[in-house]
Structures are given as structure tokens and as C-alpha cells.
Protein chains: 2
Amino acid sequence: MSTTTAEQRRRMAKSEYDAYLSTCPSRQLLATLSDKWIVLALTALETQPLRYSELRRKIAGVSQKMLTQTLRALERDGLVERSVKISVPISVTYSMTPLGHSLLRVVAQLKSWAEDNIEEVRAAQNTFDARPPQGKL
Amino acid sequence: MSTTTAEQRRRMAKSEYDAYLSTCPSRQLLATLSDKWIVLALTALETQPLRYSELRRKIAGVSQKMLTQTLRALERDGLVERSVKISVPISVTYSMTPLGHSLLRVVAQLKSWAEDNIEEVRAAQNTFDARPPQGKL
DNA sequence: CAGGATCCGATCGGATACTG
DNA sequence: CAGTATCCGATCGGATCCTG
């Protein structure tokens, strides 16, 4: 029998999984999470639960297909909860789970970083694009 | 004509850019950054500069095409610096820029989160996949 | 060693049409 | 309202061959 607590096991997690390894399950999870729709959907639910139609309006330009697909993936991974309210018309609300909230703290930073540093990145891109082909530094 | 300084514009950045808007430049940047190879390449350079071949070994399973493509994108965005050492054979070293390091603090968390929470996510996936089709809650 | 170039199957993702 | 289903062009990304 094991005497380790869940907390102890959580602290050891770092040594067991390594996303640098192509066969490690964490690599696949990282691939799933590294998606702009995942980031936007999670951050959209940061402050309050939202309905499907509200999410679609908040995340401008997302197609119905991608929004549904993203929300299903998030639900399957235990990151958001889907609640169906039987009424006329039907109402479906999405909210963050505790697990999702822990990930939210990370992806929200990614979104903010993009918004805060886009100008500096663009400047770098312009410099890069303006240099002669095969530029010998 | 505008009288705002670059610094003033930078302080207003949060209110000027919004990744929720499909036409906002930060949306495209977020899409670029939301990539598993970007995350792995950046984190691989966290502690020290690495050569191309070293990166390829560290990031298991990455193809030559994707690694080159990823490094070019990171270089273009001003996140990593590429240094060519003329010798026989030639040596190319990649290192983090200050801008890249600020992003690293975020993406490293994403990688760690995947490694630390993969078990909980898998448990959620199993629960989700085991429920009957069209499960009426 | 550090790529560039090409081929090509697999997946992504938008548009459209339909449903309870 | 909240999806499902399908078509299909665009892009992704691995494999392979070639180069300074």
C-alpha cells in the first residue's frame, strides 16, 4: 500500500513527465493546449460563465465549428463544465472548473503578452523582413 | 498630427489591442505563439544557448523542417538570436533575446502545467469517454 | 553541421445546409 | 438557441533528396 499523499505525488510530477519526449503524454497535452481558440475560450470564461452564443460573440471571428470543437475538447479535458438548461429555447452555459482555472492563470498571461508586446514584435519583424536576402552578418 | 510619445503609446497598449478581435494584430501574434514547437524551442533555450543539432536532440521528434521553420519565426519576431560561427564545420547557435525571455516566463509555465496536470486531465478524459453517447444528465 | 527544396498525405478550419 | 453533418480548399508537417 502507498503512504504518499496526493499532494506529494503532485510535487513529484515534474520528474515523471517530460514534454521534450515525443512519446510522453504531456507532449500531446501541450500540443492540445497550444491553440489560439483554446486560449481565447478559456480566457473568455475567466470572470463569469457564458452561454454558447455569448462566447461566439466575445471571440470574434470564431466559426461555429471551431467553437464547438474547442469547447468539447475543454470539457473532455475537465477544464470547463457544460450545463444544459432545459427551456424554450434551450440554454447551454459554460463555466470554468478548478482545473481549468489553474490553466487559465497561464493562458491569460499568453494572451496578455501578445497584446502587450505586439508592437515590439512587429518592429522586429519589419527589421527582419527589410534585411537583404542571404544577409551576411 | 499626433503628439503622443512612444512611451505613452506603450502604456496604453492594453486598451489598444484586444486578441478577442479577429482583425487585431495581437490575434495573429497569439496564433503564432500558440504552437507546441514554439513553446518547446523557447523553453529549450531557457538556461543556455544551444546549437541547431543540440536543439534537435533536446526536442525529441521534431523534424528538421519544423525546427528550422520555428527558429526562423522566433528570430523574425525578435524572440531568439541566431549567431553563425564561421568554422569547419559551420556552427549556428541560438540564444534568447530579452523579449524572448519575457515570453519564456509564460510558455515555460504552459509546458510545466501540461507535465504537472497530465494525470488529472487523463482521468477527466476517461470519465468523459466512458459516458454513454448523448448522455442525458 | 545546418540547413534549403520538394512532394504529398493528413489535418485544420471556414462555409453551408440541416435539426431538436 | 445550440448545436450536427458535410464539403472542400488551405495549411501543416513528415519524409526524402540535395547543398555550402
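- In this entry the distance linking CD of B:Gln69 with P of D:dT11 reads 13 Å, nearest Å.
- A distance of 4.0 Å separates CD of B:Gln125 from CZ of A:Arg76, quoted to the nearest 0.5 Å.
- Among the nucleotides C:dG3, D:dA2, C:dC1, the one closest to any side-chain atom of B:Tyr94 is C:dG3.
- The CD1 atom of B:Ile38 sits 10 Å away from the P atom of D:dG13 (whole-angstrom rounding).
- With C:dA2, C:dG4, C:dG14 as the choices, the nucleotide that has an atom nearest any side-chain atom of A:Ser63 turns out to be C:dG14.
- The distance between atom NZ of B:Lys65 and atom P of D:dT16, rounded to the nearest whole Å, is 14 Å.
- Using a 4.0 Å heavy-atom cutoff across all strands shown, A:Arg56 reaches no nucleic acid atom at all.
- Between the CG atom of A:Leu55 and the P atom of D:dC1 there is a distance of 13 Å, rounded to whole Å.
- Using a 4.5 Å heavy-atom cutoff, the side chains of B:Gln69 and B:Met66 are in contact.
- Take the nearest nucleotide of DNA chain C for B:Arg72 and for A:Gly61: the residue whose nucleotide is more 5' is B:Arg72.
- For A:Val92, the side-chain atoms get nearest to D:dG3 when compared with the rest of D:dG3, C:dG3, D:dC1.
- Results of the side-chain contact (heavy atoms from CB on, under 4.5 Å) test with B:Glu115 over A:Asp18, A:Leu30, A:Leu29 single out A:Asp18 as the only residue that passes.
- Side chains of A:Glu119 and B:Tyr17: a donor on one and an acceptor on the other come within 3.5 Å.
- Each of B:Leu99, B:Thr43, B:Leu45 was compared with B:Leu104 under the side-chain contact (heavy atoms from CB on, under 4.5 Å) criterion, and only B:Thr43 meets it.
- Taking only distance into account, the side chain of A:Gln64 never meets the base of C:dG14 through a donor-acceptor pair shorter than 3.5 Å.
- The nearest whole Å value for the distance from the NZ atom in A:Lys36 to the P atom in D:dT11 is 12 Å.
- A close approach under 4.0 Å does not occur between any side-chain nitrogen or oxygen of A:Arg82 and OP1 or OP2 of D:dA2.
- In the set D:dG14, D:dC1, C:dA2, the nucleotide with an atom closest to the side chain of A:Ile90 is D:dC1.
- Nearest nucleotide to the side chain of B:Asp35, out of C:dG3, D:dC1, D:dG13: D:dG13.
- Residue B:Pro89 has its side chain nearest to C:dC1 when only D:dA2, C:dG3, C:dC1 are considered.
- Comparing C:dA2, C:dG3, D:dT4 against the side chain of A:Thr68 picks out D:dT4 as the nearest.
- Atom CZ of A:Arg51 is separated from atom C1' of D:dG3 by 13 Å (rounded to the nearest Å).
- One interatomic measurement links the two molecules: CD1 of A:Ile59 to P of C:dG14, which rounds to 12 Å at whole-angstrom precision.
- One atom, CG of A:Leu67, and another, P of D:dG3, lie 8 Å apart when rounded to the nearest Å.
- When distances are taken from the side chain of A:Met66 to each of D:dG13, C:dG14, C:dG4, the shortest belongs to C:dG14.
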